Amino acid sequence: MSIKDNLLQIKSQLPENVTLVAVSKTKPVSDLMEAYNAGQRIFGENKIQEMTEKWEQMPKDIQWHMIGHVQTNKVKYMAKYVSLIHGVDSLKLLEEINKQAAKHNRVIDCLLQVYIAEEESKFGLDENELDEILHFVQTRGNAEQSGANDKMQNVKVIGLMGMATFTDNQTQIKKEFLNLKSLFDKLKTHHSSLTTLSMGMSGDYKLAIECGSTMVRIGSSIFGNR
Ligand SMILES: *Cc1c(COP(=O)(O)O)cnc(C)c1O
């Protein structure tokens, strides 16, 4: 099937409240343009340099999502155009995003990446660290209202992102997705800005949606294997 057929087929299966991020990492601009011409406007990349090259070459109504691990010293290269950063896993990184966004008079939306998988190698925050960051962001918000100088007004934490363990064991994947969903619901009661739950990739997005995902990141099922 063509990229267009793949895309339209997946889109026809998604509930209305679920946003599709077309993960185009390693794929040439011509492939992305095929998806663009079929109506796709949100693309996900995991390397800042590659994303920037594609941003330069492609139509400007595209929303670019950074889905990979972000090094603090590279935030500056995407601050003027990136639309959502999925993998925020430290306060230090969030502060750098805030600083770089301010230089462009922007507010950059961010997701906090949560550690849900069994593998040691996956990046992410645990529940205590999440609490700490959200508390910090919220306190700064209050500081802003009271006129204090020290603010975080150029970032907005709009939700959480997680990656399940790389396994065929559906029971385990489901357990991890449900853990993330319940954490999301719990945090939402105190932090009303949390609206987005990014979970699910080509192999597990249907399960992720059953478990409450509102944003799926799909690459190989649209563009083919990498
Ligand atoms: C590559 C990647 C995806 C997409 O993976 P597919 O299996 O090709 O759908 C989703 N999320 C992240 C964080 C990725 O790095």
Side-chain angles (χ1 to χ4, degrees), residues 14-15 17-25 42-48 51 63-72 74-75 78 82-98 101 107-134 136-137 155-166 172-188 191-221:
L14 297 182
N17 68 320
V18 175
T19 303
L20 172 64
V21 180
V23 175
S24 47
K25 60 192 187 196
I42 303 177
F43 291 87
E45 292 280 337
N46 70 341
K47 296 209 168 72
I48 293 175
M51 181 168 78
Q63 295 172 37
W64 293 97
H65 287 199
M66 173 42 60
I67 62 168
H69 184 67
V70 176
Q71 285 173 269
T72 309
K74 294 202 173 145
V75 173
M78 63 177 169
V82 70
S83 142
L84 178 62
I85 300 175
H86 288 236
V88 176
D89 62 355
S90 72
L91 187 54
K92 186 172 149 239
L93 177 57
L94 196 64
E95 286 178 314
E96 176 65 12
I97 296 168
N98 183 60
V107 176
I108 297 180
D109 287 342
C110 295
L111 303 177
L112 300 178
Q113 182 165 358
V114 185
Y115 184 86
I116 56 170
E118 275 194 342
E119 293 119 306
E120 281 296 322
S121 62
K122 294 263 158 87
F123 294 103
L125 301 153
D126 65 27
E127 196 171 337
N128 290 335
E129 294 168 320
L130 270 177
D131 260 342
E132 233 171 88
I133 294 184
L134 284 168
F136 184 85
V137 173
V155 287
K156 187 171 181 203
V157 177
I158 63 161
L160 305 180
M161 180 269 221
M163 280 169 88
T165 302
F166 187 71
Q172 181 173 355
I173 297 174
K174 187 169 180 177
K175 192 180 88 191
E176 293 172 3
F177 282 158
L178 288 175
N179 277 343
L180 182 55
K181 164 68 169 156
S182 73
L183 186 57
F184 178 66
D185 287 341
K186 190 165 131 192
L187 293 170
K188 244 179 22 176
H191 307 279
S192 57
S193 66
L194 301 179
T195 55
T196 302
L197 183 55
S198 168
M199 60 181 194
M201 322 193 342
S202 290
D204 55 23
Y205 73 90
K206 289 178 187 161
L207 187 56
I209 291 168
E210 275 176 42
C211 296
S213 170
T214 71
M215 185 173 274
V216 290
R217 309 176 308 268
I218 301 181
S220 44
S221 291

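Just so you know, these numbers use all the heavy atoms, side chains as well, and skip hydrogens, waters and symmetry mates. Worth saying up front: this structure is predicted, and the values here are computed from it rather than measured.
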Residue pair [X] / [Y], side-chain heavy-atom distance below 4.5 Å:
X      : Y      : value
Leu84  : Leu111 : yes
His65  : Glu45  : no
Leu160 : Leu112 : yes
Met66  : His86  : no
Lys25  : Lys47  : no
Cys110 : Lys156 : no
Val82  : Ile48  : no
Ile173 : Thr165 : no

Starting from the C-alpha separation in whole Å, work towards a yes-or-no answer on side chain to side chain contact (heavy atoms under 4.5 Å, CB included) for Ile209 and Val216.
-> CA-CA 8 Å; Ile209 291 168; Val216 290; 4.0 Å; yes

Any donor-acceptor pair under 3.5 Å linking the side chain of Asp204 with the backbone of Leu207?
-> no

Rounded to the nearest 0.5 Å, what separation is found between the [atom1] atom of [X] and the [atom2] atom of [Y]?
X      : Y      : atom1 : atom2 : answer
Asp126 : Leu183 : CG    : CG    : 10.0 Å
Ile67  : Met215 : CD1   : CE    : 11.5 Å
Met161 : Gln113 : CE    : CD    : 4.5 Å
Tyr205 : Arg217 : OH    : CZ    : 14.0 Å
Ser90  : Ile133 : OG    : CD1   : 6.5 Å
Gln63  : Ile42  : CD    : CD1   : 4.5 Å

Give the intermediate values and the outcome of side chain to side chain contact (heavy atoms under 4.5 Å, CB included) for residues Glu176 and Met199.
-> CA-CA 10 Å; Glu176 293 172 3; Met199 60 181 194; over 6 Å; no

Can you name the side-chain hydrogen bond (donor to acceptor under 3.5 Å, both in side chains) partners of Ser213, sequence neighbours left out?
-> none

Going through the distances and angles, do Leu194 and Ile158 end up as a side chain to side chain contact (heavy atoms under 4.5 Å, CB included)?
-> CA-CA 4 Å; Leu194 301 179; Ile158 63 161; over 6 Å; no

So, for [X] and [Y], which heavy atoms are closest and what is the spacing to 0.1 Å?
X      : Y      : answer
Gly87  : Leu93  : O-CD2, 4.1 Å
Ile218 : Ser202 : CG2-OG, 3.5 Å
Ala117 : Ala164 : CB-C, 3.8 Å

Would you sort out whether Glu118 and Gln172 count as a side chain to side chain contact (heavy atoms under 4.5 Å, CB included), showing the intermediate values?
-> CA-CA 10 Å; Glu118 275 194 342; Gln172 181 173 355; 3.1 Å; yes

Check salt bridge (Lys or Arg N to Asp or Glu O under 4.0 Å) between Glu132 and all other residues, then give those that pass, not counting sequence neighbours.
-> none

Per the side chain to side chain contact (heavy atoms under 4.5 Å, CB included) rule, which among Leu94, Asp131, Leu91 passes with Phe136?
-> Leu91

List in chain and number order the residues that pass ring pair (Phe, Tyr, Trp, His ring centres under 6.0 Å) with Phe43, two or more places apart in sequence or in another chain; answer none if no residue qualifies.
-> Trp64

